Amino acid sequence: MALTAHRWLMTAPKAPMVQSGFDPLPLAAGEVAVRVAGCGVCHTDLGYFYDGVRLNHPLPLALGHEVAGRVVAAGAGAESWTGRTVIVPAVIPCGECEPCRRGRPNICRRQQMPGNDIQGGFASHVVVPARGLCPVDEARLARAGLSLAEVSVVADALTTPYQAVVRAGVAPGSLAIVVGAGGVGGYCVQVANACGAKVVAIDVDADKLATIGKHGAALTLNARELGGKALKDAIGEFAKQHGLPATEWIIFECSGTAAGQLTAYGLLVHGATLSVVGFTMDKVELRLSNLMAFDARAIGNWGCPPELYPAALDLVLAGAVQIKPFVETHPLADINRVFEAVHRRDIKRRAVLVP
Ligand SMILES: [Zn+2]
Ligand SMILES: [Zn+2]
């Protein structure tokens with residue numbers, strides 16, 4: 001038996017990706033072939049393609065780690081997944097090593113990320129381990145007015161900030177600050193809000209701020225208009241007015257820019273948590289001792305444990321987190337044009353490529 005499938009291969013940085021046929025079969029034990037319904041274009045994909053961020057798998061490689069689709073074939077032991085609609089975790093831990101067994105799957109050294117360690121989702125089909133797949137209830141999906149392609153963003157853009165919010169300990173009454181309110185940051189705002197925090201969103205883009213002001217941000221601030229000190233004063237004033245704490249702010253850096261990182265770091269208060277969610281190759285100059293002086297902490301976030309996916313998806317299906325206003329679909333065949341448009345920031349919403 002053979003499956004007709006194709007994927008779009010990156011052959012060299014910045015070189016147009018090329019379509020190439022392949023046969024996903026036969027599958028190894030524990031693997032499934034997922035017919036891709038949609039795969040989101042992430043900032044990280046642009047990093048690999050434009051900025052020389054190192055890939056673990058040699059080129060040529062199909063990028064794409066934000067996949068939703070339907071299981072169309074299964075290897076030994078994974079047969080129960082056949083026919084089911086699923087979200088593929090962006091990072092799939094091995095589930096067996098010592099950190100995995102200790103509940104630290106984010107640092108599993110045998111983890112597999114589609115479009116980095118293995119062939120990714122800018123394809124008609126992707127072959128992944130069945131372990132960690134998140135089932136999607138098609139009836140609830142339809143009731144929520146969402147397509148399977150649209151919920152592909154749960155695989156990374158939503159679950160990464162979801163795990164950051166959980167790990168940072170956001171609770172009712174928290175003051176959460178999200179720097180970078182587009183894409184991942186927009187979901188961070190919504191998730192923190194759904195977890196009971198009052199959320200301040202900071203960006204340099206007035207349109208993004210206007211949108212997120214309607215979706216969970218209680219205060220929006222433009223870092224183009226306010227310097228670091230003025231931003232901190234404005235948030236302090238907001239906290240006072242709303243009976244929120246002057247200490248223990250929870251700050252999420254989601255912009256993945258040097259400027260955003262400096263803004264986030266400048267907002268440290270006593271007992272603050274700085275959660276680094278965005279990625280950039282750029283460096284910043286900081287006084288690290290501020291962490292010491294404020295008894296604050298900074299934490300990184302790599303991916304999201306598969307165990308948290310169902311709860312994150314549930315927020316979407318229950319309507320507590322909106323994805324429709326933040327997603328647009330494009331044909332996979334337009335991948336090179338879409339990458340350029342996202343890179344130039346002509347496309348501001350999450351672009352999902354549909355085979
Ligand atoms: Zn990503
Ligand atoms: Zn492991």
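Fair warning: this is a prediction, and the values are worked out from it, not measured in the lab. Numbering of ligands and ligand atoms starts at 1, following listing order.
Inspection of the Asn106 and Gln163 side chains reveals an N or O donor paired with an N or O acceptor under 3.5 Å.
In this structure a side-chain-to-backbone donor-acceptor pair under 3.5 Å is missing from Arg143 to Leu317. The closest donor-acceptor contact from the side chain of Asp205 to the backbone of Asp207 lies under 3.5 Å. Judged by distance alone, with hydrogens and angles left aside, the side-chain atoms of Lys232 form a donor-acceptor pair with the main-chain N or O of Leu268 at under 3.5 Å.
His343 and Phe49 have their aromatic ring centers separated by at least 6.0 angstrom.
Note that the CG atom of Asn56 and the CG atom of Asp117 stand 4.5 Å from one another [nearest 0.5 Å].
Because the distance cut-off is set at 2.8 Å, His43 fails to qualify as a neighbour of the Zn ion (ligand 1), as none of its N, O or S atoms comes that close.
Rounding to 10 degrees, one finds that the Zn ion (ligand 1) sits at the corner of an angle of 110° between His65 NE2 and Cys42 SG.
Within Asp156, the N, O or S atom lying nearest to the Zn ion (ligand 1) carries the name OD2.
Within the protein, the number of N, O or S atoms lying under 2.8 Å from the Zn ion (ligand 2) is 4.
Contacts classified as salt bridge (Lys or Arg N to Asp or Glu O under 4.0 Å) and involving residues 52-70 (residues at least two apart or in different chains) are given here: Glu66-Arg350, Arg70-Glu138.
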